[in-house]
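Okay, so here's the structure we're looking at.
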Amino acid sequence: MTVYPSEAPRQGLVHQYPVVVFFLIAYAFSWTIGGLLIADYQGALSVPGALHYVSAFGPMVAAIVVTALISGRPGLLDLWRRGIRADVGWRWWLIGVGTPVALGVAAIVVFWLSNGVLPDLALFGEVDYLGAIGALAALALWIATYGFGEEVGWRGFAFHRMESGGWMQAAVMIGVLWGLWHLPYFFYKANFIALGIGGFAGYLISITMGSILLSWMYRGSGRSILVVALWHGLFDFVSASPIAEGVGNALISSVVIVWVIVILWLARQDRAGA
């Protein structure tokens, strides 16, 4: 766990349990917005559906607030530096940017094979609640919200502080809590409602596997929030598009599952050889 000089002499709930407070704030921020969107879905009130994307900033807000309270300027500066850390080597740029782009190409090929025609690439610019905003705008939206909005918190704060107790254990714990954070979606977002609460268990497993992958990426890239935020945003940009719907997303999910299994196997080999 990273501890800054300004943290040591202070006492209080936030200083004693920073990760717990982080999760409470992240949930409170995002679930408050989620509650409004559920009420809108039920017809109890009317709010813009685009608030869905604002809810993604809950983890970032929580990370900044808790870091400011317990670490002050040194902690915020460290968080910023990790947020823009680009000196990670070509391998991690290839992983962070190249693999989701490759998954996007695979989704295009699957669409072509399934439908007999190449997809209109403008479909990458269609996003829920906002419609056709253009591919570049959609890409910027995904990277800003579910890329940086989430990763500054999940990996940049929570995992960064929890990994000293064992990185795999931390990744799994965060994965479960990250999955539960999405619970309001199952009450207002169509594709989540279609899964049903019964499908939540499977979703929780998939999110936990994603947490392992992103935690592995965060550690390997020298704790670069930039790399994991770009991967996360690009992945959502591809997987949430109409082009990847159906078989494309099944393929993307399968690739990620195999990738995580390889990571787990390699981690086990490292422990056995230690």
Same cluster (ILVMFWY, side-chain, under 4.5 Å), [X] and [Y]:
X: Val97; Y: Leu94; result: no
X: Val255; Y: Ile252; result: yes
X: Leu213; Y: Leu266; result: no
X: Leu136; Y: Ile108; result: no

Under 3.5 Å, side chain of [X] to main-chain N/O of [Y], donor-acceptor pair present?
X: Ser221; Y: Tyr218; value: yes
X: His160; Y: Arg155; value: no
X: Thr145; Y: Tyr53; value: no
X: Asp40; Y: Val47; value: yes
X: Trp92; Y: Gly220; value: yes
X: Trp178; Y: Thr208; value: no
X: Ser55; Y: His52; value: yes
X: Asp120; Y: Ala122; value: yes
X: Ser253; Y: Ala250; value: no

Atom of [X], atom of [Y] and distance for their closest heavy-atom approach:
X: Ala62; Y: Ala26; result: CB-N, 3.5 Å
X: Ala107; Y: Val238; result: CB-CG1, 4.4 Å
X: Ile225; Y: Gly156; result: CD1-CA, 3.6 Å
X: Tyr129; Y: Ala50; result: CB-N, 3.9 Å
X: Gly233; Y: Trp142; result: O-CB, 3.4 Å
X: Phe23; Y: Ala158; result: CZ-CB, 4.0 Å

Could you grab the distance from atom [atom1] of [X] to atom [atom2] of [Y], nearest 0.5 Å is fine?
X: His232; Y: Glu151; atom1: NE2; atom2: CD; result: 5.5 Å
X: Ile207; Y: Ile205; atom1: CD1; atom2: CD1; result: 11.5 Å
X: Trp93; Y: Ser224; atom1: CH2; atom2: OG; result: 6.5 Å
X: Leu264; Y: Met209; atom1: CG; atom2: CE; result: 6.5 Å
X: Trp31; Y: Leu24; atom1: CH2; atom2: CG; result: 11.0 Å
X: Leu69; Y: Leu76; atom1: CG; atom2: CG; result: 9.5 Å

Sub-4.5 Å side-chain heavy-atom contact between [X] and [Y]:
X: Tyr41; Y: Ile193; value: yes
X: Ser241; Y: Leu123; value: no
X: Phe237; Y: Ile143; value: no
X: Val247; Y: Leu251; value: no
X: Ile38; Y: Pro184; value: yes
X: Phe157; Y: Val152; value: no
X: Ile95; Y: Trp216; value: yes
X: Leu226; Y: Arg85; value: no

* Counterpart residues, side chain to side chain donor-acceptor pair (under 3.5 Å), relative to Asn191 (two or more places apart) -> Lys189
Above 12 or not: heavy atoms from other molecules or residues under 6.0 Å from [atom1] of [X]?
X: Tyr17; atom1: OH; value: no
X: Leu45; atom1: CG; value: yes
X: Glu245; atom1: CD; value: no
X: Met173; atom1: CE; value: no

* Under the ring pair (Phe, Tyr, Trp, His ring centres under 6.0 Å) rule, what do Phe29 and Phe57 come out as? Steps first, then yes or no, please. => CA-CA 8 Å; Phe29 182 99; Phe57 288 107; 7.8 Å; no
* Short side-chain donor-acceptor distance under 3.5 Å, Trp154 and Ser211 -> no
* Side-chain H-bond candidate by donor/acceptor type, Trp231 with Thr99, under 3.5 Å -> yes
* Assign the ring pair Tyr188 / Tyr185 to parallel, tilted or perpendicular, where the plane angle (0 to 90°) is split at 30° and 60°. => perpendicular
* Determine the interplanar angle of the Phe186 and Tyr203 rings, folded into 0 to 90°, and report it as parallel if under 30°, tilted if 30 to 60°, perpendicular if over 60°. => perpendicular
* From CA spacing to verdict: side chain to side chain donor-acceptor pair (under 3.5 Å), Trp181, Ser30 -> CA-CA 8 Å; Trp181 175 81; Ser30 300; 2.9 Å; yes
* Asked: Can you list the steps and then say if Leu180 with Tyr27 is a side chain to side chain contact (heavy atoms under 4.5 Å, CB included)?
  -> CA-CA 9 Å; Leu180 291 171; Tyr27 271 66; 3.2 Å; yes
* Asked: Going through the checks in order, is the side chain to side chain contact (heavy atoms under 4.5 Å, CB included) test met by Arg268 and Met168?
  -> CA-CA 10 Å; Arg268 183 177 180 181; Met168 190 70 69; over 6 Å; no
* Asked: Between Leu118 and Phe111, does a side chain to side chain contact (heavy atoms under 4.5 Å, CB included) hold up when you go through it step by step?
  -> CA-CA 7 Å; Leu118 286 170; Phe111 185 100; over 6 Å; no
* Asked: Using a side-chain heavy atom cutoff under 4.5 Å and only I, L, V, M, F, W and Y, what cluster partners does Ile84 have?
  -> Trp80
* To do: Please say which of Val20, Val21, Val61 ends up in a side-chain contact (heavy atoms from CB on, under 4.5 Å) with Val66.
  => Val21
